[in-house]
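Comments concern the structure below.
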Amino acid sequence: MTDKAIGRDVIIVGAGFAGLYMLHKLRRQGFDAMVIEAGDGIGGTWFWNRYPGARCDIPSMEYCYSFDRELQSDWRWTERYAAQPEILAYMEHVADRFGLRDGIRLSTRVTSARWDEASDTWTVTTDNGESLTARWVVMATGCLSKPRLPDWPGIEGFSGEIHHTGDWPQGGVDFTGKRVGVVGTGSSGIQVISTIAAEADELVVFQRTPSFFVPANNRPLADAEIAATQAGYDALRDKARASFLGFFELPEANPDSALDASEAERAAQFERCWNAGTTGLLQAYGDLLANEEANDKAAEFARGKIASIVSDPEKARLLTPTGYPIGARRLCSEIGYFDTMNRGNVTLVDVRDAPIERVEGKAVVLADGRRFELDVLVLATGYDAMTGALTAIDIRGEDGRSLKEEWADGPRAYLGLMMAGFPNLFTITGPGSPSVLSNVILSIEQHVDWIGDCIESLRAHGQTRIAATPEAEAHWVDHVDEVAHTTLFPKAAGTWYHTTARDGRRVFMPYVGGVGPYRDYCSEVAADGYRGFAIGEPVPA
Ligand code: FAD
Ligand code: N01
């Protein structure tokens, strides 16, 4: 099937959950595909994020592939929320089980990709100076794979150890007897803080925006529980695929308004949903993410939980989120974070009013002159999310247009799958798809299946080119924005769900219309002859 004149059929960039499954799917379909991965191991997020405390916050039995029944029933997760080593071990197992390793080139970063109009092919260049050609390119580069590093003057010269959570040393870090600083209190920050506090001599937490948290309620999985889920997997996964968030283990969403319930009913409902963990609290009422007054009831409930755990009233005040709706920034899943804040060796430093200004030797210096001498500085400062890994590659489409340049006005994509002007280039969980607002693995599988089926259909019809039309893309981008504005997501400042366009506009990137409706829409588009895509005939020899 491979036309050797064009090199490979498909180049896939990234060996995380998306890249591994894409390779497997395409090979099963008889395509000649390869993966290029910057890291020196597979696993993506779970290769890079080896910081102590890293684990998933979607139940392990859902945060794994569903494409293979036997894989699902053979693998035994040990905890409700698996820790990083276990998730990475699972991915290594998948690579071996499906014989994927010989299709993956490690330690190689893709630096550019250039479309050739004459041959309907892409030429991909790597940091090894190599050029590879393929008909199709799939960017499985991840939504949270490009760490965001602060640009404080002096940071390069920090004379202690410095690590970003998303680029953690493979050999680990010894915190024993050390003074450690952690910057950032999002999902990564709270996980790493809870773990380091027990090891370090002193821990200084630099917090800019307090996050809302829900308890993870992690626990070992019992054999009976595993067996029950495995026996019901088919139906459970179908339920997840049709659901709003892409997972099944959530309290049933209550469509009623929080404002119609009595105080006592609300308290009981919030308590029940709070204890379910993950995003359970947001399922408590149908209008929590749409109506500010309703949202504030849930926010007040969550704030009360903080006050009930943190004994120092000043610390509790600083840790209490205000000024944005609960759920509009990522809800963090906590294991002992607030208890950690009660420890004598943990200092909480509010850097909202006096930000970190510079680094000098081993000291972090704030704008008000306060200095913190540290042996280890941990940056839990997040990611250039959703677009960062893509714009880091010099991608040139039709007429040499640059993706980075075009996206400076806000990312534009049709269904988060393809961009007008960039034929034969697919993105997995790209902007405009549910991606990070879902069980990402289920969303990855849906994209991989759609892309694989699309390429197969083109091959069957002897077609060598597909591109999103500008009209379909514009319509989808407007729709994504319109749906976001029916929710409270746009009300939260400074979240990584948004990017800022060149003209200062805030652009909300994920699609909040729900995993189930989105999946149906993508399937309809395909069934309707790939509506909204322009499909080209073979290039004459
Ligand atoms: P990634 O796993 O990010 O893999 C992308 C790969 O592409 C990386 O290995 C990267 O090195 C490679 N790459 C990027 N650019 C290039 C290039 N130019 N050349 C070569 N290679 C390149 N999601 C959930 O749904 N539930 C969770 O509980 C959850 N927990 C998370 C916990 C952490 C700490 C983090 C950071 C994220 C979490 N996520 C979670 C989101 C997570 O990123 C996804 O679930 C999933 O792992 C993404 O897989 P991926 O293959 O799309 O991308
Ligand atoms: O990153 P973040 P993350 N000075 O962007 C602060 C997934 N994930 O790595 O909010 C001081 O959320 C920043 O402050 P502010 C999950 O999807 C999941 O924690 O910008 N502070 C914020 O507090 C998650 O949402 C898990 O004011 C600075 C923090 O750094 C996503 O990955 C675990 C600063 C960054 O928080 C990203 O999470 C881990 C500065 N100069 C990750 N710059 C699970 O539990 C940044 N900050 C499943």
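It should be emphasised that the depicted structure is a prediction, and the values quoted were computed from it without experimental measurement. Order of listing sets the numbers, starting from 1, for every ligand and every atom in it.
- In terms of protein heavy-atom proximity, atom 19 (N) of ligand 1 is closest to V110 N, 2.8 Å.
- Under the 4.0 Å criterion applied to side-chain N and carboxylate O atoms, K362 and E161 are not assigned as salt-bridge partners.
- The shortest N or O to N or O distance between C56 and ligand 1 is not under 3.5 Å.
- Between K404 and E406, no side-chain nitrogen of the basic residue sits less than 4.0 Å from a carboxylate oxygen of the acidic one, so the salt-bridge criterion is not met.
- Distances shorter than 4.0 angstrom do not occur between any heavy atom of F47 and any atom of ligand 1.
- Close approach of ligand 2 to T185 (heavy-atom distance below 4.0 Å) involves ligand atoms 23 (O), 29 (C).
- Of all the atoms in ligand 2, the ones that sit under 4.0 Å from a non-hydrogen atom of C56 are 48 (C).
- Under the 4.0 Å criterion applied to side-chain N and carboxylate O atoms, E225 and R80 are not assigned as salt-bridge partners.
- Counting atoms of ligand 1 from 1 in the listed order, those under 4.0 Å from a heavy atom of I393 are 18 (N).
- The contact set between ligand 1 and S438, taken as ligand atoms under 4.0 Å from a residue heavy atom, comprises 25 (O).
- Assignment of T165 to the shell around ligand 2 is not supported, since no heavy atom sits closer than 4.0 Å.
- For ligand 2 and Q191, the ligand atoms under 4.0 Å from any heavy atom of the residue are 33 (C), 44 (C), 45 (O).
- Heavy-atom proximity to atom 3 (P) of ligand 2, evaluated over A216, P210, S188, is greatest for S188.
- Polar contact with ligand 1: present for E37 (N/O pair, distance under 3.5 Å).
- Looking only at protein heavy atoms, the nearest one to atom 40 (C) of ligand 1 is Y63 OH, 3.7 Å.
- One N or O on the side chain of R101 and one on the backbone of E92 form a donor-acceptor pair closer than 3.5 Å.
- Annotation for ligand 1: atoms under 4.0 Å from non-hydrogen atoms of Y383 are 36 (C).
- Within the structure, the closest approach of I428 to ligand 1 does not fall below 4.0 Å when heavy atoms are considered.
- For the pair R27 and D102, the salt-bridge criterion is met [side-chain N within less than 4.0 Å of a carboxylate O].
- Aromatic ring orientation, W136 versus F426: tilted (interplanar angle from 30° to 60°).
- Atoms of ligand 1 lying under 4.0 Å from at least one heavy atom of G16, given by number and element, are 2 (O), 4 (O), 51 (O).
- In terms of N/O distances under 3.5 Å, ligand 1 is not approached by C143.
- Any N or O atom pair closer than 3.5 Å counts here, and I444 shares no such pair with ligand 1.
- Under the 4.0 Å criterion applied to side-chain N and carboxylate O atoms, R55 and E86 are not assigned as salt-bridge partners.
- Atom numbering of ligand 1 starts at 1 in the shown order; those under 4.0 Å from a heavy atom of W48 are 8 (C), 9 (O), 10 (C), 11 (O).
- Considering both main-chain and side-chain atoms, A38 comes within under 3.5 Å of ligand 1 through a nitrogen or oxygen pair.
- The distance from atom CD1 of I193 to atom CD of Q207, rounded to the nearest 0.5 Å, is 8.5 Å.
- Ligand 1 places these atoms under 4.0 Å from at least one heavy atom of A140: 5 (C), 6 (C), 7 (O).
- Nearest to atom 13 (C) of ligand 2 among the protein's heavy atoms is R208 NH2, 4.3 Å.
- Among all protein heavy atoms, the one lying closest to atom 31 (C) of ligand 1 is W46 CZ2, 3.6 Å.
- Within ligand 2, counting atoms from 1 as listed, the ones closer than 4.0 Å to a heavy atom of Y383 are 9 (O).
- Considering backbone and side-chain atoms together, R55 places no N or O closer than 3.5 Å to any N or O of ligand 1.
- Polar contact check, T45 against ligand 1: a nitrogen or oxygen pair lies under 3.5 Å apart.
- Among protein heavy atoms, atom 25 (O) of ligand 1 sits closest to V440 N, 2.8 Å.
- The shortest N/O to N/O separation between R329 and ligand 2 falls below 3.5 Å.
- Backbone and side-chain nitrogen or oxygen atoms of S333 are examined, and none is located within less than 3.5 angstrom of a nitrogen or oxygen of ligand 2.
- Looking at F17 next to ligand 1, an N or O pair under 3.5 Å apart turns up.
- Ligand 1 is never approached by Y81 to a heavy-atom distance shorter than 4.0 Å.
- Taking a cut-off of under 4.0 Å to the non-hydrogen atoms of G184, the atoms of ligand 2 that pass are 6 (C), 23 (O), 29 (C), 30 (O).
- Atoms of ligand 1 found under 4.0 Å from any heavy atom of Y51 (numbered from 1 in listed order, with element): 34 (C).
- Looking from atom 11 (C) of ligand 2 to the surrounding protein, the closest heavy atom is V183 CG1, 3.6 Å.
- Residue T108 places a heavy atom less than 4.0 Å from ligand 1.
- Below 3.5 Å of separation, one finds no N or O of S188 facing any N or O of ligand 1.
- Here atom 29 (C) of ligand 2 lies nearest to A380 when heavy atoms of G189, A380, S435 are compared.
- Contacts with ligand 2 closer than 4.0 Å are made by backbone heavy atoms (N, CA, C, O) of R55 only, the side chain lying farther away.
- Of all atoms in ligand 1, numbered sequentially from 1 with element shown, those under 4.0 Å from a heavy atom of N439 are 25 (O).
- A donor-acceptor pair is defined here as one N or O able to donate and one able to accept, closer than 3.5 Å; such a pair exists between the side chain of E334 and the backbone of Y337.
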